[in-house]
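A quick write-up on the structure given underneath.
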Amino acid sequence: MEKALLVTVEFFDRRYKNTWKMDDVNFELRELVRSAGLQVVDLVECFKEAPMAGQYIGKGKAEEIGLICKDKGADVVIFGDDLSSTQQQNLEDIMNVKVIDRTQLILDIFAHRAHSIEGKVQVELAQLQYLLPRLKGKGIMLSRLGGGIGTRGPGEQKLEMDRRKIREKIVKLKDELKKIHVRREELRRKRHEGDLAIVSLIGYTNAGKSTLLNALTDSDVVAQDRLFSTLDPTARRFILPNNQKVVFVDTVGFLHDLPHHLIEAFKATLEEVVEADLLVHVLDASSPITAELSQAVYEVLEEIGIHDKPIVTLLNKIDKVPDKGLVDRLKKQFENSIAVSALHKENLDELVRRISMILFASLVYVKASIPQSEAKLLNQVYREAGIIKREFKGDQVYLEADMPARLKNLLDKKGFCDKI
């Protein structure tokens, strides 16, 4: 197991702009490193006026950290911020040890967790986009690393490609993602035609989304106590008490200050959130920074252009909260939230009722005359709509019903809806 020395930096010019405290930043970095399978041997905090262009933290501090690495036997230094290629190279030269920044650490975890073709394509694209500006001379400066953290994914044979070949590979991967986008669009179209409402589970990484999906649908999605245990989106069908069929989609976990190009690379996955009818925002109620985690999620939603979708806030992991008064305070802080334990399936019935109410509220009243020859469509209406009135008029079936907007749109396209 590789040994890692962690470095977090607080800059005075950013102190009042960042809502995250240093302890919280340190904790998250430790969790990311633990998820990557490394052993943390020490953590060094730095306090600076502003980032330095050459070495980020300055030569003197870098030399000091290099000595600590030698003393602790560290194989790699991991920074909690992003570094430029110049800063990374200079720090490696001074410390005489491998240096990795936050984005590279996240990409390494992603590469390890991606199992689907889509996930692997997205990870490889993000890694090559990260590596491209770090090309140096005839090769890539990172090609000398020789294995370990930060070298998963593209592999050394790809790290030896020149700029032109890497750009060509990026274009090819983007084309593959476009094809994946088309396939996802077709899948979503079939869901819509089957009038399946899409409920996306969103939240900070390790909030318990996969555990919730398992509890609701009796699935066996991998759920572990570590960041990004689930990278590939997973969909499971579910029937609400009112017999409406929905699809729960477990999405990749969000992260504080997620680099923009990572969001871009994972747009195909995040489309499941964009196309959802309802979002269930899963929050870790046992975390000391619940408000900050919630804000980080909403920042990502803003980044991908989601503003007006209905959201149910779920305060998960209440089984880990010894002070029940804290749960009450969180419920007041997050209005209309539901406190649950997905692990112990506690209070999930309230979540299901809330989802049913929201989706039912989106039903529209429709009058329609449908030919009896449209047997498949009639069966769908009988199955998915709340029939208020039905009459047979010749070869037509006259209906008055409450139904989802998508089903009404389908009837509209076929010219079967009556004007109300």
Do you know which two heavy atoms are closest between [X] and [Y], and how far apart they sit?
| X | Y | value |
| --- | --- | --- |
| Ile318 | Ala285 | CG2-CB, 4.4 Å |
| Leu411 | Met403 | CD1-SD, 3.7 Å |
| Ile239 | Lys245 | CG1-CG, 4.2 Å |
| Val97 | Val76 | CG2-N, 3.9 Å |
| Ala235 | Val249 | CB-CG2, 4.1 Å |
| Ala36 | Ile109 | CB-CG1, 3.9 Å |

CA sep, side-chain torsions, deciding dist, call: Leu132, Arg167, side-chain contact (heavy atoms from CB on, under 4.5 Å): CA-CA 8 Å; Leu132 184 59; Arg167 289 195 180 101; 4.1 Å; yes

Side-chain heavy atoms of [X] within contact of [Y], under 4.5 Å:
| X | Y | value |
| --- | --- | --- |
| Ile338 | Leu315 | no |
| Leu43 | Asn26 | yes |
| Ile57 | Ile65 | yes |
| Leu29 | Val7 | no |
| Leu279 | Pro310 | no |
| Leu5 | Ile78 | no |
| Leu278 | Ile355 | yes |
| Ser341 | Lys317 | no |

side-chain contact (heavy atoms from CB on, under 4.5 Å) assessment of Arg34 paired with Arg30: CA-CA 6 Å; Arg34 182 172 72 91; Arg30 284 183 182 273; over 6 Å; no

Sidechain-backbone polar pair: [X] side chain, [Y] backbone, donor-acceptor under 3.5 Å:
| X | Y | result |
| --- | --- | --- |
| Asp250 | Leu213 | no |
| Glu45 | Thr8 | no |
| Asn316 | Val282 | no |
| Gln87 | Ser84 | yes |
| Ser35 | Glu31 | yes |
| Asp277 | Ile198 | yes |
| Lys309 | Ala276 | yes |
| Glu10 | Met22 | no |
| Lys376 | Ser373 | no |
| Asp108 | Gln104 | no |

Quick one: do [X] and [Y] make a salt bridge, cutoff under 4.0 Å?
| X | Y | result |
| --- | --- | --- |
| Lys98 | Glu2 | yes |
| Asp175 | Lys179 | no |
| Asp412 | Lys408 | yes |
| Arg102 | Asp82 | no |

Pairs flagged by salt bridge (charged side-chain N to carboxylate O under 4.0 Å, His left out) wherever residues 198-219 is involved - sequence neighbours left out: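 Listed once each, the pairs are Asp218-Lys345.
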
What's the separation between atom [atom1] in [X] and atom [atom2] in [Y], rounded to the nearest 0.5 Å?
| X | Y | atom1 | atom2 | result |
| --- | --- | --- | --- | --- |
| Leu378 | Arg390 | CG | CZ | 9.0 Å |
| Asp395 | Glu374 | CG | CD | 11.0 Å |
| Leu377 | Leu407 | CG | CG | 7.0 Å |
| Leu128 | Lys172 | CG | NZ | 11.5 Å |
| Ile166 | Gln127 | CD1 | CD | 11.5 Å |
| Leu125 | Gln129 | CG | CD | 4.0 Å |

Does atom [atom1] of [X] have more than 12 heavy-atom neighbours from other groups under 6.0 Å away?
| X | atom1 | result |
| --- | --- | --- |
| Lys178 | NZ | no |
| Glu391 | CD | yes |
| Tyr398 | OH | yes |

Working for side-chain contact (heavy atoms from CB on, under 4.5 Å), residues Leu212 and Phe248: CA-CA 10 Å; Leu212 177 63; Phe248 284 112; over 6 Å; no

Verdict with supporting geometry, Lys320 and Asp284, salt bridge (charged side-chain N to carboxylate O under 4.0 Å, His left out): CA-CA 9 Å; Lys320 290 188 175 182; Asp284 182 355; over 6 Å; no

With Glu168 via salt bridge (charged side-chain N to carboxylate O under 4.0 Å, His left out) - residues at least two apart: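 Scan of Glu168 (salt bridge (charged side-chain N to carboxylate O under 4.0 Å, His left out), adjacent residues dropped) gives Arg164.
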
Check against salt bridge (charged side-chain N to carboxylate O under 4.0 Å, His left out), Arg354 and Glu350: CA-CA 6 Å; Arg354 184 75 61 84; Glu350 176 61 27; 3.7 Å; yes

Side-chain donor-acceptor pair present, Asp101, Tyr56, cut-off under 3.5 Å: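 Note: Asp101 and Tyr56 side chains miss the donor-acceptor criterion.
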
Distance under 6.0 Å and angle within 45° of ring axis: Lys48 vs Phe11: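 Here Lys48 fails the 6.0 Å and 45° test against Phe11.
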
Leu38 vs Asp75, side-chain contact (heavy atoms from CB on, under 4.5 Å): CA-CA, chis, key distance, verdict: CA-CA 10 Å; Leu38 278 70; Asp75 304 299; over 6 Å; no

Within the 6.0 Å centroid threshold, strictly below: His281 and Phe334: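 Ring-ring flag for His281/Phe334: false, centres at least 6.0 Å apart.
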
